[in-house]
Amino acid sequence: MRTVYVAGSLNIDQRIQVQSLPRAGETVIGDSLVLAPGGKGGNQAVAAARSGAQVTFVGAVGDDEHGRLILQALAEAEIDSAAVLVDPGTPTGTAVIPVDEHGENAIIVCPGANRSLTAAHVEESLGAVRPGDVLVLQLEVPVATVRRAARTARAKGAFVILNAAPAPTSVERLFDDVDLLVVNEHELAVVGRLSGATAEELADRTLELAGATGTAVICTAGAGGAFAAAHGTVQHVPAPSVAAVDTTGAGDTFVGYLAAALLAAPSDLAGALAAATAAAARAVTRPGAMESIPFARDLNASG
Ligand code: RIB
């Protein structure tokens, strides 16, 4: 059966509800603290699984309670996690996420065991990749690991999606084996040194980045929807209007649903964008990252 492989980060999210995000030097009092499994890699894998795909995860956790909580969450999502390393020498990754009353967040990631994910381990773990499989990558694990994973999977005929999040400090050789690059507006500005405010500007900048990288590019713009550039043209997919509670993990939901849709129908980018946009819009109506990811059956039930 064709598979979505996700090689990437696993964190325990410490989500703190605040009235407003602290500015530099400011102390604010939070209303509540919730611990939950997350990490961009973990969230994207769960999103792909909840949309109905078979998913295999390659990553690393520490030999601790947080690592076990994450492995349990992957198991509950029926994700194959046999290739998740348990590193006894390093704590599981952690993310501290204050969320304000408008649903906006700021994220600090302390990578911990995510740094233990080596290029050699991903290469070995991707040994069973077949033509038609999809590999999803992000940038919360070492960049050398990301590059090796892309090269390994591409050589085996897989379709490689890189979500360039968080924005990288260097893009050297990062896109060599990537078929589809997914960025948000901030990452577009860093990765491509291309910024835009209006929809028209974002569309143009997305097309420019596709030309510069030689990959298809999708730029997600939150309530502004998404812009997708491929084969010299760009299309805009509007986002449904929703009341946002927490935007954390919406981008991951988008990427996971997109990957699953492209696994099922590789040439239907428009259909994949529609599914990803609808799922991400639903995710922002609920608190948390991994907890907020909808199941395909929920989306289908409400149209
Ligand atoms: O994209 C949201 C995710 O970013 C959180 O789950 C957090 O762990 C960080 O990786």
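Whatever order the structure lists ligands and atoms in, that order sets their numbers, starting from 1. All residue numbers refer to positions in the sequence shown, counting from 1. Worth saying up front: this structure is predicted, and the values here are computed from it rather than measured.
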- request: Would you please test T3 and Q54 for side chain to side chain donor-acceptor pair (under 3.5 Å) and show each step?
  value: CA-CA 5 Å; T3 300; Q54 171 166 293; 2.9 Å; yes
statement: Closest non-hydrogen atoms of G41 and V6, given as atom of the first, atom of the second and distance, are O-CG1, 3.5 Å
Distance dump, ligand 1 polar atoms to protein, N/O, under 3.5 Å:
unit_1   : atom_1 : unit_2 : atom_2 : d
ligand 1 : 1 (O)  : K40    : NZ     : 2.9
ligand 1 : 1 (O)  : D252   : OD2    : 2.7
ligand 1 : 4 (O)  : K40    : NZ     : 3.1
ligand 1 : 6 (O)  : D13    : OD1    : 3.3
ligand 1 : 6 (O)  : D13    : OD2    : 2.6
ligand 1 : 6 (O)  : G39    : N      : 3.1
ligand 1 : 6 (O)  : N43    : ND2    : 3.0
ligand 1 : 8 (O)  : N11    : ND2    : 3.0
ligand 1 : 8 (O)  : D13    : OD1    : 2.5
ligand 1 : 8 (O)  : G39    : N      : 2.9
ligand 1 : 10 (O) : N11    : ND2    : 3.1
ligand 1 : 10 (O) : K40    : N      : 3.3
ligand 1 : 10 (O) : E140   : OE1    : 2.9
ligand 1 : 10 (O) : E140   : OE2    : 2.7

message: Quick check: closest heavy atoms across H236 and F227, and the distance to 0.1 Å?
response: CD2-CE2, 3.3 Å
Check: T90 side chain, A113 main-chain N or O, donor-acceptor pair, under 3.5 Å: no
query: Which pairs, with at least one residue in residues 93-122 and sequence neighbours excluded, count as a salt bridge (charged side-chain N to carboxylate O under 4.0 Å, His left out)?
result: none
field: Closest heavy-atom pair and its distance - L181, V178
entry: N-CG1, 4.2 Å
